Structures are given as C-alpha cells and as structure tokens.
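Just so we're on the same page: letters track the sequence lines, and every chain starts at 1. None of these values were measured; they are calculated from a predicted model.
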Number of protein chains: 2
Amino acid sequence: MATMKDIANKAGVSQATVSRVMSDSSSVSQKTKAMVMEWVRKLDFEPNYSARALASSRSYLICLVLPDVMNPYFADIIYHVEKIASFNGFNILLCNSDGDPKREVDILKSLKSRQVDGVLIGFSDNHSPAIKILRDSELPTVVITQFHEDFDCVAVDHYAGGEMAARHFMDQGAEYFIYQGHTDDDKFRGYYNTLKDAGIPEDRLDIMDLGHVWYHTPQRAHKAYRRALEYLQNRKYDSKTGVFSYNDLSAFGFIHAVQDMHLTIPEQYSIVGFDDTFMCQVMRPTLTSIAQPKEEIGQLAIKYLLAKIDKKVDTGRESFLLTPRLVQRETT
Amino acid sequence: MATMKDIANKAGVSQATVSRVMSDSSSVSQKTKAMVMEWVRKLDFEPNYSARALASSRSYLICLVLPDVMNPYFADIIYHVEKIASFNGFNILLCNSDGDPKREVDILKSLKSRQVDGVLIGFSDNHSPAIKILRDSELPTVVITQFHEDFDCVAVDHYAGGEMAARHFMDQGAEYFIYQGHTDDDKFRGYYNTLKDAGIPEDRLDIMDLGHVWYHTPQRAHKAYRRALEYLQNRKYDSKTGVFSYNDLSAFGFIHAVQDMHLTIPEQYSIVGFDDTFMCQVMRPTLTSIAQPKEEIGQLAIKYLLAKIDKKVDTGRESFLLTPRLVQRETT
DNA sequence: CTGTTAGCGCATTCAT
DNA sequence: ATGAATGCGCTAACAG
C-alpha cells in the first residue's frame, strides 16, 4: 500500500500537497496537481481511512442499526441505504439489535469509539434505554420506521394506512370488521377511528391479538392461521367481513384458515395485509396490502443523514411522514 | 471521549501502561491493573478504533460482500455472520455488489484502504475480475455459496441437491422430468446425471431455461409462471412428472401454472424447489424444497475467517462442502 | 500556491 | 513491571 509520503517523494512535492490534491480542497496549481495524480494512478494510491479518520475524525462510516436484518422489509431498506451511501463514498456498518435493548445499548456505545459519522436506526422499542445513549452521543442520527420526538425521523403514516384499509372495506360493502395484531399501534387506531367515525358499532369490530414481534418467521403465519381457524369455526355471522392484518405474513395465515373453512375470498372475507412484501404478488390469491414506500424511506433517510453530516442541514428537528398506498389485488 | 492519556493521568501511570492493560497482553501488576480499570470504568473509556487500526493495522472490521442483500437467502447469512462477528468484537461492513463485477471490483479495491481484517464474499460470477484483486490483496478471505479453487470456501453441495431431487421423484414414481433453470449449474448436473444413470432416456427430461439472476423479485415467479403455462398448454404427455426448480420462487410460478391448468399436485406434477425459504411453509400447497444449511454456512464461514485472522489456521486451502437436505411437504 | 510542523490516539520497542 | 520515545498515515493550521 502506497502512502502519501511515497507519492510525495516520487512527485517531488511535500506530503501536505498530496493531501491537498486528494481532498482537492485548497488551491493547488494545475501542474503539480497533474504530477501528483499521475503518481497516484501509477502507484494505485488510496488514502488510508484509519489515518484520515484519526486526523479528521471523519470515518466515512455510517452505522445502520436494525432490529431484524432478516425481515424482508428491512432488507429492502438496507439495499437502498447501502446503494446511496456507497455512491457518496460512505460504507455501511451493519448491526442487528435482534430487537434486544441490551444489544442495542452495546452497539450504540461502541459507535463513538468507531468514530462513525452518523447513525441510521430503527429502535427495537420506542422506550429503549439506547435512546438516551444515542441522544447524549450527539451523533448525527436519523430514526427510521417509527417516530421519536428526540430525533429526526423518516417514518410511514401507519394511521393513514389503517384509515385506508377501513375505507377500502366499507367501499367494498363490508359490514363486519376484524383487526389482526396488537392494538397499541397507529394502524389500529386509524382503522378503528375511521370505522367508528363512519358509524360502525363497536360490536362489529373484532380484535385478534397476535402479539408483536420483529421476527419474520413462518411461525407468525402459523399462529395467525390457527387463531383464525378457531375463530372462524365459532363464528355465526355471515355478512361480508373485512380483515385487516398488521402484516402480510399474518394475513396469509388468515387466508388459509378461510380456505380451509371453504369460505370465499373476497366475497365473504375481504383481506388486507400490511407491508406489501413480494409475497403478496407470489401467493394465490394475490394479497391486497398497504405498501410502505421502502425505497423512499431508505433513500430519504440516508440522503438526509448525509446532508446533516455535511452540515447542510441543522435547523432543528425535522421529520418526514410518508404516506402509504393501498395496492389492490385479488383478496379484496 | 476519554483517551488513554486521560486514564493515564488519572491513574498516575503512563499511557503505555494503559495500553498494556487494555490489551491485557504483557505483564502488568495486579495493583496498577486494578487502578487503571477503575478509571476506565469511571471515565467510560473505550479505545479508539481508528487509532488502534492505524497503529496495529487491525481494524476489527470484516467486510461482507454479497451480490444481493435483499435475497432472503443472503439475509439469513448476514444475520448469522453478524451475530458471531459482533460476539467476537468485530463489526460487519456490508457491501452489495448487485451482481455487478464492476461494483465488486470497486468494493474490493477499497478494502485495503479501509484496513479490513478479512473478507467474506459471495462472488457475482465465478470469473469476476474481482477475483484477481482479492487474491493479490492477500487479505484473509472465505468465499461463501460457491467454490473457487483460489480461496477457502464454505459452500453447499448443489450436485448432491440435484441428486436428491432426482431420486425423490423416482421414488414417487415419476416417469417424466423437468428442470427449471440454467444448466450451467451443479444442481442441474446432479439431477441430470442421476436420472441418466438410472436409465431415464434423454427425451424424458425437459429443460426450461429461465436465465440466471441474483435478484430476488416477484418477476422471477411471473416469468416462471408464464413459461410454465405456455409449456403445459402444449403438452400431451400425462404420466407423473417431476419438476425440479433452481429456486423456490420459480417453483411457485410453476405451481400456479399447474393450478391454472387444473392439473393436480402432486399426483400429476410433483414439484421440488431449492433453498427452502420461509415461503415454502407459508404457501399452499406447501413446497418440498432442498434446504441449504444457511445457518451453518454463515457460522462456519465467519468462524473459520476469524480463526484465519487470528492465525490459528493457515495450512493452505481448506474448503467445506455442506450437504443439503430435502424437506418434504405437500407438493411431492 | 506550497512546505513545515504539530498533533489525532494508540501499539510497540527499548530502556530501566 | 513500567516509562519514554517513536511512528502508523493523514489533516490542518501556520508560515512564507
């Protein structure tokens, strides 16, 4: 590995001049610049990041902390973030918190010593102790997926998503409504409030709580399936029913239960998932789902973070609330 | 951020002693060690990685280069690799080559200047120009997923996988065989040779080439579906047929075509996918698939790489060929 | 426009 | 067992 010193010797200039050429900041004459660049090419020189980071406390490293890198939703985010980051000369340090606040704390503590330039994080929990650590670190940060008042955020309007599902069901003529998922969630609130405001009586809304986990496993679908089967077996009501699920995987579970009970989709049961994962298009029947603009989330988050790092943005808190979109398919 | 100097001042020792305590290598008296550690705790000291890397050329950074981080198969690998790496004090630098040799080359060129300690890579192509660069860099490297004679590898025996599919079909009484995918692949060879050796005439094997891409998109399934539909519409043969697909997504495409033609699974068409992604359990009918031991691949690869970095392993080339496993479900 | 100098925080060699 | 000194490769004043 050639160093600036090597280049300087060959080109007959000082090491500082080589540094100037590389950062092409301050003034360097065209002639010496050309000289230096020639040797940079000849010796295939690339500046040492560790040395640069040590001297300038700029590592060109962005840490991406996610609760579950296996989840296709986050995998999408990783892809778009990495793409733009690398395009701008930054590398991604990927950390999986596993939805565990302890791991999250450890990760964030290590960031300062890694001298990362910025952090992109999806918290495992909005009350994670990691939050204080991150705030105290004063690292440029952008929170993705959820909101947190202490940070700049790029999130999706889950409330609006719930609203969309509710309206869609009513448009389709549903008279009874089910929600699959935990109720401490904006998408539930949007769903519930919209139905209530439309005059739907409370006894026409059933809630099937499946607990909340980040893990993206087939067990999710199984659990939803079994709960749904049990539910359908004991059910007498037969007007058109809308089923809104907190994620696609659980929606598939419900679909299978409906099929096993020889009920019809979408005539008797109209189903809407959440996330619009690629499975929605692959499954039969194809699943109507609320799509989160994953590409936009990732791109916006990393672009905003890079701008913050470059001090191009610093006017206090700024958050982006992206609107989801209902993608209609065969289940409705 | 406290530095060793700060600790040294507080503890009344030299910075060198603090360094010794932190690396707990050379001899330090119990007393001074305790003193130092106390201040390390009090000041919440953590060594600066950039400085350490610069001085010792050890970054505790592992670069994971993958062709498609969105693919669930690789997402699994990322998860297991990150887990073990972080447990051992290493961080993961994640790079997506997008299956593009040019990007791959750029990534690998940058690794030296990043001073990464090791590389875990899944090549976009076994003839990628990136290979020479990586070889010349002399960085500790482990290649995952595929084989390459110039590197240590952790791969899966695709040939055996094809063999398993072939035998499985014959056991089920299939008389006609289809292969979906590109034929320049060991899983095809294993499939083909096994059938041939069993006396199956060549005209009983159809190949449906879908091209080879890393990208994991629903379009894959659509393409497979349309090709399969067209194929089935023109088909007269009606003995039991085994369909072996080079990945699960394409297998689903075939399944849908069979369903649309009102043919039966597994009576008329017996289908086996590859990868055993979680969709196999979620889809109806559930898909029989050749499972790659993803967890084992990831764990073995990173463990072996860490051992190489620690110079605990250096006895020439060593490669691991893991055996896949057929998971039978409803499609066979 | 360019060279000199002084660190950045740590590992490491050489003394003691 | 420990301190002093040196250098890793680069950035950032400070001179000129």
Does D76(A) have any side chain to side chain contact (heavy atoms under 4.5 Å, CB included) partners at least two apart in sequence or in another chain, and if so, which? H80(A), K294(A), M70(B)
Taking D117(B) for its side chain and S59(B) for its backbone only, find out whether a donor-acceptor pair lies under 3.5 Å. yes
Using atom types as modelled and distance alone, determine if a side-chain donor or acceptor of S319(B) lies under 3.5 Å from a backbone N or O of C153(B). yes
Applying a 4.0 Å non-hydrogen cut-off, can you work out what S19(A) is touching in the nucleic acid: base, sugar-phosphate, or nothing? base
Over the length of the helix from dC1(C)-dG16(D) to dT16(C)-dA1(D), how much do the five-pair end axes diverge, rounded to 10 degrees? 40°
Base, sugar-phosphate, or nothing for T17(B), non-hydrogen atoms under 4.0 angstrom? sugar-phosphate
Go through residues 109-119 of chain A and report each residue with a non-hydrogen atom lying under 4.0 Å from DNA chain C, sorted by number. none
Ignoring the backbone of S56(B), work out which of dA11(C), dT11(D), dC1(C) is nearest its side chain. dA11(C)
Taking atom P of dG3(C) as reference, at what distance in whole Å does atom CE of M4(A) sit? 14 Å
Strand contacts (DNA chain D) in residues 5-12 of chain B, 4.0 angstrom heavy-atom criterion: G12(B)
Surrounding NZ of K10(A) (heavy atoms of other residues, nucleotides or ligands, distance under 6.0 Å), is the total greater than 12? no
Mind listing the closest non-hydrogen atom pair of I107(B) and N96(B) along with its distance? CD1-O, 3.9 Å
Distance-only donor-acceptor test, Q15(B) side-chain atoms vs dA11(C) base atoms, 3.5 Å: yes
Counting side-chain heavy atoms from C-beta on, which of dT2(D), dT11(D), dG9(C) comes nearest to T3(B)? dG9(C)
Check DNA chain C against residues 33-55 of chain B and give the residues with a non-hydrogen atom under 4.0 Å, in numerical order. F45(B), P47(B), N48(B), A51(B), R52(B), A55(B)
Within the structure shown, what part of the strands sits under 4.0 Å from V13(B) by heavy-atom distance: base, sugar-phosphate, or nothing? sugar-phosphate
Would you mind checking if R58(B) and D310(B) are paired as a salt bridge, meaning a charged N to carboxylate O distance below 4.0 Å? yes
If you restrict it to nitrogen or oxygen atoms, what contacts under 3.5 Å exist between nucleotides 14-16 of chain D and the protein, and what is each distance?
none

Just N and O in the side chain of S57(B): are any of them under 4.0 Å from OP1 or OP2 of dC8(D)? no
Let me see the working for T17(B) and S14(B) under side chain to side chain donor-acceptor pair (under 3.5 Å), right down to the final yes or no. CA-CA 5 Å; T17(B) 299; S14(B) 76; 3.3 Å; yes
Electrostatic pair D98(B):R103(B) at N-O distance under 4.0 angstrom: no
So among D157(A), T145(A), D275(A), which one has a side chain to side chain donor-acceptor pair (under 3.5 Å) with Q292(A)? D275(A)
